[in-house]
Asker: 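Below are the structure tokens for one structure; questions will follow.
Order of the sequence lines fixes the chain letters, A, B, ..., with proteins taken first and strands second; residue numbering starts at 1 for each chain.
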Amino acid sequence: MSSSSAKEVLFGLYDDETQLLDAVRAANAQHLEIDNVYTPFPVHGLDPLLGLEESRLHIAGFFYGLTGTSLAFGFMTWVFTRDWPIIFGGKPYFSAPSFIPITFELTVLFACIGMVVTFYTVCGMGPGVKAKTLDDRITDDKFCIAFATSGLSNDDLGKLSNFFTETGASETNTKTL
Amino acid sequence: MSAVISPTRDPLINGSKTYHQITEDICSPTEQAPSKTWIIGFIVSSSLLAFGVFSILWTIYFGIGTWNLNRTIGWGWDITNFVWWVGIGHAGTLISAILLLFRQKWRTGVNRAAEAMTIFAVICAALFPGIHVGRIWVIFYFFPLPNTRGPLWVNFNSPLLWDLFAISTYFTVSLLFWYTGLVPDFATVRDRAKGFRKKLYSFLSFGWTGAAKHWQRWESLSLVLAGLATPLVLSVHTIVSFDFATSIIPGWHTTIFPPYFVAGAIFSGFAMVQTLMIVTRKALKLEDYITINHIESMNKVILFTGTMVGVAYLTELFIAWYSGYVYEQFAFMNRAMGIYWWAYVGMMACNVISPQLFWVKKFRRSIMVTFIMSIFVNIGMWFERFVIIATTLARDYLPSSWSYYDPTWVEIGIFLGTLGIFFTFYLIFARIAPVVAIAEVKSILKAAGDQYVEGHKEEAKKGADLNPSHEVHHH
């Protein structure tokens, strides 16, 4: 899944996710290196076939959350025990139970913002980013397998065309990304 | 690929849709000129919004004295409206987060609009704490900033401050969750659009391509956000209830408040979702996606939470009697039979008695009954907050300071204004964004589309003894 600046791509469109999954299996069997797969919705069972490892986003989320927890709890503790201690209702300065709600809220807030920002960053997405779409119907009802073709021999290209015909792609096309 | 089809559930997508048909049906409202109904709705709601802005400016210019609050009754329509709107803002996250964790497929028909509703409701809610303090120019005192009072900080022990953190976190998380869900659908609209609309949706869709890895991360993000939003949504109304429960006022100082408020919030939120969805599905011709099965599922939630709220009301009365504490007993006698008895009757009738109709399947599946009921519940839940706040304050410790309160035109104007904000934003949302989550509906098509479910049922009938498994292979 490289993302170099200019890339020749040969892609095939399938009409159904069942065909797509079968085609990916066939490509694996023929040792064809798939560049990327694009679908209109998340297709379950696709990730293991493509050899995609589980996303580590949730691990990052845990650490963002932990930052929020320690920041909130640490800050309130500092304010009420060091910076400006005040007695409220006869309670001790360090009144930990009443710090829990804000600590919880900030944990969630930090985890959420951190994960969302990380998600867009690692996906290379954000406001103003132009989408490198292969076909407008991929966000509608087409399931797409793309192969990088830069530097491939005619033999290899023929193999890929055969692959698309055999696996029942409804269309094939080339595009430079 | 095999889709797991439940042998008992009814289909959630009608009309034998194909993937392309789903795209067409859900995108087309954003691609057509607005209907006459939409324009009329927009004019009415934006006029209300304008009147609300006027009333708010009036309040800020002349001060809180333009409201009828007095020394005895310090919270009136302002905090009633605040709690009412926050409560309404609970259904969206419940549908999108909790139902996602429970793998309830029917959420896909209504989650997008319900989340949008949540965000607009929270905006309306957040307005009231902002203006009820009177001097909005010193609003920064709310925040933990080293401020003009010297290095003196806000009181982190106060539920009012917890509330500030809860509401702002809830708003942020809901907004990010909702928008991230919208991105792939904006890309769908983008890929059908031309000219200016193409540019607009290119911007809104953040460069989405539908790559397998992106979908994987997107699903992972949705799941974790749902996991975080679930305790969050429970915490928000719990903290709102702490605004009352941690005080020492009889009638407020009760440990039952957190679960009772949360149940009430979900109850009123679902009622508002029903009000909006029944109109939306008709106006945008989305009856195949927001089906009678969706409506029935939501009515079951309304029945359940409404009954919980009813149990809470009765528990309060019982505990007041059982406690043997005369002030608590007086507070509840006063609630039911004091000067605001009519608000109590309204609350009981709308929230506890009327939803019991939903035990009857025919009523749960009737659009007319559901619509009327949703309005009843909205009114009842407003009364509940008014009952808790105003009737309790009106009869305080000293009979010499007992008082009565009704709103001025300014307070009514601000409330109407928030209705204006809510509906104006919702109407704009329904014009710009796909109101049903396109990608998510597509992903359940083969498990919940009517052609697949019916086909499966027929197959199951034929081979009931041969193939006891519910898994069917579709090619």
Asker: Do the non-hydrogen side-chain atoms of B/Asn157 and A/Lys91 ever get within less than 4.5 Å of each other?
Answerer: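 SC-SC contact between B/Asn157 and A/Lys91 ruled out.
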Asker: For a 4.5 angstrom cut-off between non-hydrogen side-chain atoms, does B/Leu225 reach A/Cys112?
Answerer: yes
Asker: Rounded to the nearest 0.5 Å, what's the gap from CG on A/Leu52 to CZ on B/Arg217? Could you check?
Answerer: 9.0 Å
Asker: How about NZ on B/Lys198, more than 12 heavy atoms from neighbouring residues, nucleotides or ligands closer than 6.0 Å, or not?
Answerer: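 Yes, NZ of B/Lys198 has more than 12 neighbouring heavy atoms, counting only those of other groups under 6.0 Å.
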Asker: Indicate the atoms forming the closest heavy-atom contact of B/Ala212 with A/Asn36, along with that distance.
Answerer: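 So the two residues come closest at N-OD1, 3.9 Å.
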Asker: Any chance you could measure B/Lys446, atom NZ, to A/Glu17, atom CD, to the nearest 0.5 Å?
Answerer: 3.5 Å
Asker: Check the pair A/Val129, B/Phe206 against side-chain contact (heavy atoms from CB on, under 4.5 Å), reporting the backbone distance first and the verdict last.
Answerer: CA-CA 6 Å; A/Val129 174; B/Phe206 284 14; 5.9 Å; no
Asker: So, taking the atom named CZ in A/Phe119 and the one named OG1 in B/Thr180, what distance separates them when rounded to the nearest 0.5 Å?
Answerer: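 Going from the CZ atom of A/Phe119 to the OG1 atom of B/Thr180 covers 6.5 Å.
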Asker: Could you tell me if the side chain of B/Val183 sits less than 4.5 Å from the side chain of A/Tyr120, heavy atoms only?
Answerer: yes
Asker: Please round to the nearest 0.5 Å and tell me the distance separating atom CG of A/Asp15 and atom NE2 of B/His20.
Answerer: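 NE2 of B/His20 is found 12.0 Å from CG of A/Asp15.
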Asker: So do A/Phe110 and B/Thr169 actually touch side chain to side chain, heavy atoms under 4.5 Å?
Answerer: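 The answer is no, as the side chains (C-beta and beyond) never meet within the 4.5 Å cut-off.
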Asker: At their closest point, which heavy atom of A/Ser55 faces which heavy atom of B/Ser220, and how far apart are they?
Answerer: OG-OG, 3.9 Å
Asker: Tell me, for A/Phe62 versus chain B, whether the close heavy atoms (under 4.5 Å) come from the side chain, the backbone, both or neither.
Answerer: neither
Asker: In Å, rounded to the nearest 0.5 Å, how long is the span from OG1 of A/Thr133 to CZ of B/Arg190?
Answerer: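 If I round to the nearest 0.5 Å, the distance is 5.5 Å.
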Asker: Measuring heavy-atom distances to chain B, does A/Asp140 have an atom under 4.5 Å in its side chain, in its backbone, in both, or in neither?
Answerer: both
Asker: Between A/Ser98 and B/Trp162, does a side-chain contact (heavy atoms from CB on, under 4.5 Å) hold up when you go through it step by step?
Answerer: CA-CA 9 Å; A/Ser98 67; B/Trp162 303 346; 3.7 Å; yes
Asker: Go through B/Leu223, B/Ile438, B/Val236, B/Thr209 and name the one with the most non-hydrogen pairs under 4.5 angstrom from chain A.
Answerer: B/Thr209
Asker: Could you look at B/Asp185 and say if it's the side chain, the backbone, both or neither that has a heavy atom under 4.5 Å from chain A?
Answerer: neither
Asker: Heavy atoms only: give me the nearest A/Glu53-B/Gln216 pair and the separation to one decimal.
Answerer: O-NE2, 2.8 Å
Asker: Go through it in stages, so that I can follow the logic: the residues are A/Thr118 and B/Leu221, the test is side-chain contact (heavy atoms from CB on, under 4.5 Å), and I'd like the CA-CA distance, side-chain angles, deciding distance and then a yes or no.
Answerer: CA-CA 10 Å; A/Thr118 309; B/Leu221 180 69; over 6 Å; no
Asker: Would you mind reporting whether B/Thr23 and A/Arg137 have side-chain heavy atoms less than 4.5 Å apart?
Answerer: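 Contact flag for A/Arg137/B/Thr23 side chains = no.
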Asker: Is B/Leu232 close to A/Glu105 at the side-chain level, that is, under 4.5 Å between some pair of heavy atoms?
Answerer: yes
Asker: On the 0 to 90° scale, with breaks at 30° and 60°, tag the B/Phe156-A/Phe75 ring pair as parallel, tilted or perpendicular.
Answerer: perpendicular
Asker: Got B/Thr18 and A/Asp141 here, is their nearest side-chain heavy-atom distance under 4.5 Å?
Answerer: no
Asker: Counting heavy-atom pairs closer than 4.5 Å to chain A, which one of B/Pro184, B/Ala229, B/Ala166, B/Ser168 comes out on top?
Answerer: B/Ala166
Asker: Taking B/Lys213 for its side chain and A/Asp47 for its backbone only, find out whether a donor-acceptor pair lies under 3.5 Å.
Answerer: no
Asker: Quick check for you: among A/Asp135, A/Val116, A/Thr39, A/Ile138, which has the greatest number of heavy-atom pairs under 4.5 Å with chain B?
Answerer: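 Answer, by heavy-atom pair count under 4.5 Å with chain B: A/Thr39.
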Asker: Distance from A/Ile102 atom CD1 to B/Asp163 atom CG, nearest 0.5 Å?
Answerer: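 A/Ile102 atom CD1 to B/Asp163 atom CG measures 10.5 Å (nearest 0.5 Å).
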Asker: Counting heavy-atom pairs under 4.5 Å with chain B, which one of A/Pro101, A/Ala131, A/Gly126 comes out on top?
Answerer: A/Gly126
Asker: Just wondering, more than 12 heavy atoms not from A/His58 lying within 6.0 Å of its NE2?
Answerer: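 Counting neighbours around NE2 of A/His58, more than 12 heavy atoms of other residues, nucleotides or ligands fall under 6.0 Å, so yes.
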Asker: Can you tell which part of B/Ser205 gets under 4.5 Å to a heavy atom of chain A, answering side chain, backbone, both or neither?
Answerer: backbone
Asker: Side chain, backbone, both or neither: which part of B/Pro231 has a non-hydrogen atom closer than 4.5 Å to chain A?
Answerer: both
Asker: With a 4.5 Å limit on heavy-atom distance, are the side chains of A/Phe104 and B/Ser235 in contact?
Answerer: yes
Asker: One pair to check against side-chain contact (heavy atoms from CB on, under 4.5 Å): B/Val173 and A/Val108. What are the steps and the verdict?
Answerer: CA-CA 8 Å; B/Val173 172; A/Val108 171; 4.0 Å; yes
Asker: Given that the side chain runs from C-beta out, which part of A/Ile86 has a heavy atom under 4.5 Å from chain B: side chain, backbone, both or neither?
Answerer: side chain
Asker: Could you check whether A/Lys142 pairs with B/Asp191 (Lys NZ or Arg NE/NH1/NH2 to Asp/Glu carboxylate O, under 4.0 Å)?
Answerer: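 Salt bridge: no.
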Asker: Under a 4.5 Å heavy-atom cutoff, which of B/Phe203, B/Phe177, B/Trp215, B/Trp218 has the most pairs with chain A?
Answerer: B/Trp215
